[in-house]
Number of protein chains: 2
Amino acid sequence: MLDGTELQELRTALRDVAAERMAQDSGHDLAHLDRVWSNAQRLARSEGEVDLKILLGAAYLHDLVNLPKNAPNRSKASTLAAAAAAPVLRELGFDNHQVAATQHAIAAHSFSAGLAPKSKEARILRDADRLDALGMIGIARTFAVSGALGTPLYDPQDPFATSRDLDDGAFALDHWPEKLFRLPEDMLTQTGKAIAKERVANMRRYAAVLASELGIVLPDSWS
Amino acid sequence: MLDGTELQELRTALRDVAAERMAQDSGHDLAHLDRVWSNAQRLARSEGEVDLKILLGAAYLHDLVNLPKNAPNRSKASTLAAAAAAPVLRELGFDNHQVAATQHAIAAHSFSAGLAPKSKEARILRDADRLDALGMIGIARTFAVSGALGTPLYDPQDPFATSRDLDDGAFALDHWPEKLFRLPEDMLTQTGKAIAKERVANMRRYAAVLASELGIVLPDSWS
């Protein structure tokens, strides 16, 4: 196991690689990687024995290949990121086993890849990344995506989709009931699930105030 | 004065013009115009005699020329919008006095133009537009701008700018203390000021939860 100083040095080196090579946008930038690593450490504390070197490598390289929300081959991004991570990890002294374990965590982290995480580190990374889609930071990232794609914040005719199907490609706010509000059920660690529930509750409170600003009442399904 | 039906017909006609001719982004779209008109009606109710025809024309055409946040000639946008509005208003039956009054409200609505609003309608439009920069909708629009420009949501080294100057061109969150938290002082109607204060208080509550998600304490200057 690495001591604290070695872990800090490795973090700096990984962060530098990400800064140089990751395609950044407002929701996928170094701050996102820092938050995921911070979440991952928090989750690791209640998961018993965790290999922090693998978790750290996976946290900082998991978006090394990051495709836009509307890219057709987006489901391949995490597999491509895992492939791109291997030479970086070897360069930083990861042995074959550690490279493979880090690659698995990276490949299995995303929604769209559909790969089951098979290790503790992979489960923690997935939860840590998903937590960053929730809460106040999740709200900020939702609307940053909306601005980047030039799509509306919400449907002006029916902001909370009471009488139409959800369509998060068309309206940013639809992403919450369509995907984000369901994340707590799918969390793989107990601590991750508890934090996810709290963050979703805070998003629902935001939605209630937003509704009042729009002069409408938040539908029961949102509260 | 127009009756309710005539006002609705005029609104539909103005909205169609905006839909066709306004350069839209996630924060400046038909939903923004609808919110500004809704705010304006709310403010008008406590301002005595208000010419709703002028207010309606100004609400739907105030962003007819809308330049990006980082455009060098942005301070001219409201004057250009007023000029572009004139033929539209004449076409819709506004007389010379009404055209001029609507143009004044449009020209004087923006921060950057530095024109004093001289009529009740101009003061209401300015407050109605500024209210839409605050509260939950203001939060959504802040981060949509961030995504559109590809700038970070906040400074990862110092999210709440405790030890550096504010720079809202570099970090979206800096826009709140730099501009938005000051809006209540500059509101021109009593109702507008009261709503603005409440919306700023809600933004500060959002910031406190965001800080806790980032594992830091919100500085006193933000709470």
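Residue numbering restarts at 1 for every chain, and letters A, B, ... go by the order of the sequence lines. These numbers were taken from a predicted model, which means no experiment stands behind them.
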Practice task
Tell me, for A:Q24 versus chain B, whether the close heavy atoms (under 4.5 Å) come from the side chain, the backbone, both or neither.
Solution key: neither
Practice task
Mark yes or no for whether B:K120, through its side chain, and B:E47, through its backbone, hold a donor-acceptor pair below 3.5 Å.
Solution key: yes
Problem - Which residues share a side-chain contact (heavy atoms from CB on, under 4.5 Å) with A:T12, sequence neighbours left out - result: A:D16
Practice task
Select one option (side chain, backbone, both, neither) describing which atoms of B:N202 are under 4.5 Å from chain A's heavy atoms.
Solution key: side chain
Problem - A:A108 backbone acceptor or donor facing A:R126 side chain under 3.5 Å - result: yes
Handout entry: Donor on one side chain, acceptor on other, B:H62 and B:H32, under 3.5 Å
Key = yes
Handout entry: A:S146 versus chain B, the contacting section by heavy-atom distance below 4.5 Å
Key = both
Exercise for the section: Look at A:D34, A:L210, A:D25 and state which one has the largest set of heavy-atom pairs under 4.5 Å with chain B. Expected result: A:L210
Fill in the blank from the handout: So side-chain hydrogen bond (donor to acceptor under 3.5 Å, both in side chains) across residues 209-223 of chain A, not counting sequence neighbours, yields none
Practice task
Answer with side chain, backbone, both or neither: which region of B:I137 has an atom nearer than 4.5 Å to a non-hydrogen atom of chain A?
Solution key: both
Handout entry: Interchain contact, B:L33 with chain A, by part (heavy-atom threshold 4.5 Å)
Key = neither
Fill in the blank from the handout: Okay, A:R42 and chain B: the region with an atom under 4.5 Å from a heavy atom over there is neither
Practice task
Could you tell me which of A:A140, A:P156, A:A31, A:G150 has the largest number of non-hydrogen atom pairs under 4.5 Å with chain B?
Solution key: A:A140
Problem - Ionic contact status for A:R164 with A:D174, cut-off 4.0 Å - result: yes
